[in-house]
Q: 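My structure is below; once you've seen it, I'll send some questions.
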Amino acid sequence: MIDAKRRPSNASLGRKLVVALPYAWLIVFFLVPFLIVLKISLSQSAIALPPYAPVLDFAAGWRGIARFFAGLSFDNYRLLGSDPLYLLSYVKSLEIAAFATLMLLAIGYPIAYGMARTPRRVQAVLVVLVVLPFWTSFLIRIYAWMNILQRDGLLNKALLALHIVHEPPVWLATDTAIYIGMVYSYLPFMVLPLYAVLEKLDQSLLEAAADLGCPRWKAFWLVTLPLSSPGIVAGVLLCFIPIVGEFVIPDLLGGSSAPMIGQTIWTEFFGNKDWPAASAVAVALVCLLVTPIVLFQHQAMRTSEKG
């Protein structure tokens with residue numbers, strides 16, 4: 001009897017630990033750093049170490065805590081709305097992220113669909129080929145694209161040899177180079193979620209649609225595409241969110257005429273040494289990205305409950 005009572009309690013404790021570990025991870029590595037950045041965003045820039053004020057001093061007691069909260073302000077967030085540099089950075093980042101994600105979806109869906117329709121023994125090889133670029137350093141791959149896209153690089157040599165162009169076009173320091181780098185770097189993040197969903201698709205549904213006289217294109221539009229929507233949403237989120245805050249690709253392949261928000265944060269932190277302004281930009285970016293995700297998850301939960 002004692003063992004029988006202990007087993008359910010041990011199982012319940014194990015379930016609680018399994019649930020608690022992800023929350024503990026999020027609290028330690030997301031919530032706490034976010035609160036620190038939020039606090040810095042409410043501070044003022046100062047020539048000191050750390051380069052912002054006020055700093056919480058527990059040694060001063062309640063008086064020090066009162067001075068700390070009195071010194072916090074929303075001036076940096078007012079600056080975000082008044083300075084066109086930050087607004088242009090946000091718009092530029094959202095524009096590039098949206099178009100790059102659409103291109104990734106247009107390229108990644110046929111690849112994932114083809115992978116899912118190949119024989120089982122070939123699918124494993126194709127998955128390895130998709131993730132193969134991850135075996136090389138991300139920075140090295142971007143530097144390789146710099147060599148490919150430069151004026152006397154491999155791409156221009158190939159275009160000239162095929163007589164497609166008469167003069168080598170300019171690729172580097174343009175939005176085109178940024179899109180090329182984004183699509184190349186994030187393509188696996190789009191292909192793998194789509195493949196995971198399409199590979200599990202019940203083929204009998206397509207056979208039933210064909211038996212009922214449904215053309216292939218219509219069966220794809222009415223059956224395959226709706227059933228693959230979870231993979232589409234996952235791929236879009238996995239690509240769009242990191243692309244918005246991307247720094248390396250636009251800094252190395254793009255120009256400086258309209259920087260993305262990742263470049264703006266880098267400049268404020270390391271160039272201007274203005275940690276509060278950079279923190280405000282980062283907090284606003286997190287809120288901008290998290291809000292649609294929360295709303296989508298809430299809508300998906302409501303839809304599943306109605307279903």
Q: Please answer whether the main-chain N or O of Thr136 pairs with a side-chain N or O of Arg141 as donor and acceptor at a distance below 3.5 Å.
A: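 The answer is yes, because a donor-acceptor pair under 3.5 Å joins these two groups.
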Q: List the steps, then state whether ring pair (Phe, Tyr, Trp, His ring centres under 6.0 Å) holds for Tyr195 with Tyr113.
A: CA-CA 7 Å; Tyr195 165 74; Tyr113 185 81; over 10 Å; no
Q: What I'd like to find out is whether the side chain of Ser228 reaches to under 4.5 Å of the side chain of Tyr109, using heavy atoms alone.
A: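 A side-chain contact under 4.5 Å exists here.
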Q: Could you report the tightest heavy-atom contact between Gly108 and Met190, atom names first, then the distance?
A: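 Heavy atoms of Gly108 and Met190 come nearest at CA-CG, 4.3 Å.
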Q: Counting N and O atoms only, with roles assigned by atom type, does the side chain of Glu246 sit under 3.5 Å from a partner on the main chain of Gly262, one being a donor and the other an acceptor?
A: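 Not at all, since once roles are kept as given, no pair shorter than 3.5 Å links the two residues.
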Q: Measuring from atom CG of Leu205 to atom CG of Leu227, what distance do you get when rounded to the nearest 0.5 angstrom?
A: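 Here the rounded value is 6.5 Å.
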Q: Nearest heavy-atom pair of Lys273 and Pro51: which atoms, and what distance?
A: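 Lys273 and Pro51 have their closest heavy atoms at O-CB, 4.3 Å.
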Q: Do side-chain atoms of Tyr186 reach the backbone of Gly181 as a donor and acceptor pair under 3.5 angstrom?
A: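 No, because the side chain of Tyr186 does not come within donor-acceptor range (under 3.5 Å) of the backbone of Gly181.
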Q: Hey, is the main chain of Leu149 close enough, under 3.5 Å, to the side chain of Asn156 for a donor-acceptor pair?
A: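 No; zero donor-acceptor contacts below 3.5 Å.
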Q: Measure across Gln150 and Leu172 and return the closest heavy-atom pair with its distance rounded to 0.1 Å.
A: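 Gln150 and Leu172 have their closest heavy atoms at CA-CD1, 3.8 Å.
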Q: If you look at every heavy atom in Leu198 and Ala112, which pair is closest and at what distance?
A: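 Heavy-atom minimum between the residues: CD1-C, 3.9 Å.
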Q: Say whether, by atom type as modelled, one donor and one acceptor occur between the side chain of Thr174 and the main chain of Trp171 under 3.5 angstrom.
A: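 The answer is yes, because a donor-acceptor pair under 3.5 Å joins these two groups.
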Q: Any donor-acceptor pair under 3.5 Å linking the side-chain atoms of Thr264 with those of Tyr86?
A: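 The answer is no; no qualifying pair exists.
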Q: Look at the aromatic rings of Phe30 and Phe34 and report parallel, tilted or perpendicular, splitting at 30° and 60°.
A: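 Parallel.
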Q: So does Ser204 get a backbone contact from the side chain of Asp202, meaning a donor-acceptor N/O pair under 3.5 Å?
A: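 Pair found, side chain donor or acceptor close to backbone of Ser204.
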Q: Indicate the ring-plane relationship of Trp266 and Phe247, choosing parallel, tilted or perpendicular according to the 30° and 60° boundaries.
A: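 Correct class here is parallel.
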Q: Is it true that Asp175 and Lys92 make a salt bridge, defined as a side-chain N closer than 4.0 Å to a carboxylate O?
A: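 The answer is yes: the pair qualifies as a salt bridge.
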Q: Any side-chain to backbone donor/acceptor pair from Ser93 onto Met260? Under 3.5 Å, distance only.
A: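 No, Ser93 side chain to Met260 backbone: no donor-acceptor pair under 3.5 Å.
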